[in-house]
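The sequence lines fix the lettering, A, B, ..., with proteins before strands; numbering per chain opens at 1. Keep in mind it's a predicted model, so treat the numbers as computed, not measured.
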2 protein chains.
Amino acid sequence: MSTTTRGRADRRPSITDVAKRAGVSVGTVSNVLNRPDQVSDSTRDRVLVAIEELQFVRNASARQLRAGTIQTVGAIVLDIANPFFTEVARGVEDRLAADEYTLMLSSSDEDPEREARYLRLFEEHGVQGVMVTPSAGSLDNLLALRDRGIDVVLLDTTSPVDDISSVAVDDVRGGALAIEHLVSLGHTRIAFINGPLTIKQCIDRREGVLAALAGAGLDPAAALVEITIGSLNAEGGEDGINRLLEADGDRPTAVFCVNDLTALGALRALRAHGVAIPDEMAVVGYDDVVFASMLTVPLTSVRQPTHQLGWTAADLLLRQRSEGATFQHQRIQFQPELVVRGSSDPSA
Amino acid sequence: MSTTTRGRADRRPSITDVAKRAGVSVGTVSNVLNRPDQVSDSTRDRVLVAIEELQFVRNASARQLRAGTIQTVGAIVLDIANPFFTEVARGVEDRLAADEYTLMLSSSDEDPEREARYLRLFEEHGVQGVMVTPSAGSLDNLLALRDRGIDVVLLDTTSPVDDISSVAVDDVRGGALAIEHLVSLGHTRIAFINGPLTIKQCIDRREGVLAALAGAGLDPAAALVEITIGSLNAEGGEDGINRLLEADGDRPTAVFCVNDLTALGALRALRAHGVAIPDEMAVVGYDDVVFASMLTVPLTSVRQPTHQLGWTAADLLLRQRSEGATFQHQRIQFQPELVVRGSSDPSA
DNA sequence: TACAGTGCGTGAATCGTTTCAACGTCGAAT
DNA sequence: ATTCGACGTTGAAACGATTCACGCACTGTA
């Protein structure tokens with residue numbers, strides 16, 4: 001008994017099954033699939049009928065094994081739930097689509113181990129390149145990857161080495177913008193809710209913070225309260241504020257949060273504690289995500305060109321691939337922009 | 001000349017290269033990789049050294065080709081930039097991790113063609129199952145997939161057929177909750193900014209809307225202004241409000257948006273037009289995403305158990321796989337919950 | 001001394017696709 | 001009548017890992 005529909009238990013049909021059914025060789029089936037114009041009409045039709053009848057679907061593993069490579073690149077971002085990164089990813093996809101590449105997207109959740117695991121997974125699958133927002137200080141993994149022939153572009157962080165390209169936004173400047181703004185409003189004691197200093201963005205924004213304080217003639221020891229949180233999201237922000245308000249000593253009059261999700265949590269915690277914004281506590285975030293302007297107290301934030309960031313990183317990666325040895329590694333850096341709103345400036 | 005580091009141009013080392021270098025057979029290398037205890041210490045060490053020296057990385061395609069299957073399932077959601085779906089995905093991942101499955105996540109962007117493309121991609125890669133939030137009315141693709149031995153679970157939509165499981169939230173009830181609330185506040189002319197009726201959630205919430213109106217003795221023809229937008233995001237919401245305000249006739253006093261992203265855009269547009277919320281226009285959203293409570297005007301919304309939704313869908317898929325033919329398909333449905341805030345009720 | 005048992009290691013077959021040299025056929029050109 | 005190229009098709013090799021029946025060497029026992 002044989003019917004055109006298969007039961008679940010059957011193994012999925014291969015090109016050989018199709019060839020048998022159509023009465024041709026496997027090479028011909030492959031030609032129908034890949035070079036249809038080199039096959040006569042009648043043969044092609046017979047093969048297509050067989051494909052339809054058997055519900056044949058190509059086996060990607062076999063194709064890749066033979067081809068040795070796939071038109072795919074991987075990307076690892078810090079937090080896929082952060083709108084900043086989804087916007088960046090959209091930019092990446094848009095550039096990749098133009099060259100018919102596909103994207104494997106993962107989130108390291110700021111965990112270097114997860115990052116390493118995904119890198120290995122990508123490599124085992126034979127991606128041509130990766131875009132990474134590193135979650136750890138060390139680039140060893142990435143350098144090794146590059147040495148094994150997989151192109152690497154750093155995403156949203158400036159490359160510390162000459163032979164790996166990067167696309168970033170000037171985080172030092174961004175951090176400084178936030179603090180300069182707060183200082184100009186008269187704040188002289190400012191909290192900085194920051195992530196772990198293994199993350200480059202956190203290091204850089206902090207450097208900008210310190211530079212801006214120094215530029216204003218303020219002593220960080222007195223003017224700055226640093227709070228380090230575990231993850232750069234709303235929970236982290238709430239945690240940061242709770243610790244800030246519990247602490248002894250002079251309470252700061254302003255807080256700069258390392259990103260908008262963190263600021264969102266901070267705002268929530270501040271409200272829960274009945275702290276008036278911006279009168280008792282000014283708040284500045286970072287990223288200017290889609291909802292920043294729509295909050296109870298519209299959030300002052302540092303805006304970054306997200307889509308362009310992702311697009312450019314993908315562009316660099318693809319060009320690096322196509323240009324080969326002649327490619328010049330580069331560090332592209334965009335400039336951030338401060339958007340002042342009510343969470344810091346009542347008159348805004 | 002031979003060194004331990006390879007130039008970029010070299011082909012990546014295979015298990016055969018490792019075997020040669022270690023002076024053993026390929027079978028032994030495979031044993032070291034997969035059954036290390038069946039190999040003598042000295043041989044194992046030699047192989048491990050060779051692996052290290054050559055920087056050998058397994059070829060996933062070859063493994064899969066031989067194994068025939070991978071511990072992977074795919075998921076396709078409507079919009080990966082929507083916090084609702086990232087929370088659902090997190091739930092999926094958490095359940096999959098327990099069984100050491102990995103997730104391939106994609107966004108159809110509500111485009112049936114994209115959805116079909118990803119389904120095919122998943123199938124070619126040999127995933128064991130897929131979770132899908134369908135973007136089109138037809139389930140033909142999914143039924144065919146199921147017939148080819150790939151398990152299917154519908155995500156965030158109730159299955160219309162008996163032989164495909166689904167995990168959903170009662171969208172009819174959710175839509176009704178929103179309207180009952182608005183009616184109880186005295187609104188008798190209500191706008192409904194909804195997505196295309198190819199999307200099940202849109203159909204169901206609309207059905208709830210109509211049921212609630214009927215239940216309140218209101219004639220939809222007079223009480224309801226329906227506006228259909230192209231995509232369920234902030235841009236769609238802005239567009240919806242712009243069209244609503246431009247329209248002739250009685251302006252509604254309330255608007256129900258099909259989700260919170262849409263509501264966010266609606267709020268933005270309303271503010272731009274200087275419409276007071278909730279006095280001139282009450283607003284209700286859907287999903288209760290993380291920032292809903294933190295908006296300028298805190299958003300009344302219909303809350304859903306996101307994490308649980310994803311977790312349960314993955315659980316159903318894995319159980320379906322392990323239980324085989326004895327598995328009973330089921331339609332799991334959670335109940336939504338209305339969260340009243342200032343965007344609809346000034347006293348909230 | 002022979003034999004069974006055990007522990008390690010071997011090497012060929014296998015998965016499904018792509019590629020390519022080679023082949024047969026036919027019509028056109030010489 | 002022969003040669004030639006074009007066209008369509010074939011069939012085997014190759015990709016890299018896994019598996020498994022088998023072989024070899026050694027130990028302990030009869």
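- Taking the charged nitrogens against the carboxylate oxygens, B/Asp156 and B/Lys200 have no contact shorter than 4.0 Å, which rules out a salt bridge.
- Distance, B/Ile15 CD1 to D/dC15 C1': 13 Å, rounded to whole Å.
- Residue B/Arg11 places its side chain closer to D/dG16 than to any other of D/dG16, D/dT9, C/dC8.
- Of the N and O atoms on the side chains of A/Thr157 and A/Gln201, not one donor lies less than 3.5 Å from an acceptor on the other residue.
- A/Arg35 comes within 4.0 angstrom of the backbone, heavy atoms only, and of no base.
- Residue contacts for B/Ser14: at a heavy-atom cut-off of 4.0 Å it reaches the sugar-phosphate backbone alone, with no base atom in range.
- Between A/Arg66 and D/dG16 there is no side-chain polar atom (N or O) within less than 4.0 angstrom of OP1 or OP2.
- Counting to the nearest Å, the P atom of C/dT19 and the CG atom of A/Leu33 are 11 Å from each other.
- Note: CD1 (B/Ile51) to P (D/dG16) measures 16 Å, nearest angstrom.
- Taking only side-chain atoms of B/Asn59, from C-beta outward, the nucleotide of C/dG9, D/dT9, D/dA17 with the closest atom is D/dA17.
- Of the side-chain N and O atoms in B/Asn34, one or more sit less than 4.0 angstrom from OP1 or OP2 of D/dT18.
- Note: CD1 (B/Ile70) to C1' (D/dT18) measures 16 Å, nearest angstrom.
- Salt bridge A/Asp17/A/Arg12: absent, no basic N to carboxylate O contact under 4.0 Å.
- Distance CD (A/Glu124) to P (D/dG16): 15 Å, rounded to an integer number of Å.
- Among the nucleotides D/dG11, D/dA17, C/dC8, the one closest to the side chain of B/Arg63 is D/dA17.
- Within the 4.0 Å cut-off from OP1 or OP2 of C/dT18, at least one side-chain nitrogen or oxygen of A/Arg58 is found.
- With A/Arg146 contributing its side chain and A/Asp163 its backbone, the two residues share a donor-acceptor pair below 3.5 Å.
- Of the side-chain N and O atoms in B/Ser61, none sit less than 4.0 angstrom from OP1 or OP2 of D/dG16.
- Taking the six-membered ring where tryptophan is involved, the planes of B/Phe327 and B/His329 are perpendicular, since the angle between them exceeds 60° and thus also 30°.
- Comparing D/dT18, C/dG16, C/dT17 against the side chain of B/Leu65 picks out C/dG16 as the nearest.
- Taking the nucleotide of DNA chain C with the nearest heavy atom to each of B/Ala62 and B/Thr28, the more 5' of the two is matched to B/Thr28.
- Note on A/Ser30: a base of the nucleic acid sits closer than 4.0 angstrom, heavy atoms only.
- Distance CG (A/Asp17) to P (C/dG16): 8 Å, rounded to an integer number of Å.
- Within the 4.0 angstrom heavy-atom criterion, base atoms lie near B/Gly27.
- The distance between atom CD of A/Gln64 and atom P of C/dT18, rounded to the nearest whole Å, is 11 Å.
- One interatomic measurement links the two molecules: CZ of B/Phe56 to C1' of D/dT18, which rounds to 12 Å at whole-angstrom precision.
- Among the protein residues, A/Val24 comes within range of the sugar-phosphate backbone only, with heavy atoms under 4.0 Å from sugar or phosphate atoms but none that close to a base.
- Judged by closest nucleotide on DNA chain D, A/Asp37 is the one of A/Val26 and A/Asp37 placed further toward the 5' end.
- If you check every strand for non-hydrogen atoms under 4.0 Å, B/Val39 touches sugar and phosphate atoms only.
- Between A/Asp37 and A/Arg44 there is no salt bridge, since no side-chain N of the basic residue sits under 4.0 Å from a carboxylate O of the acidic one.
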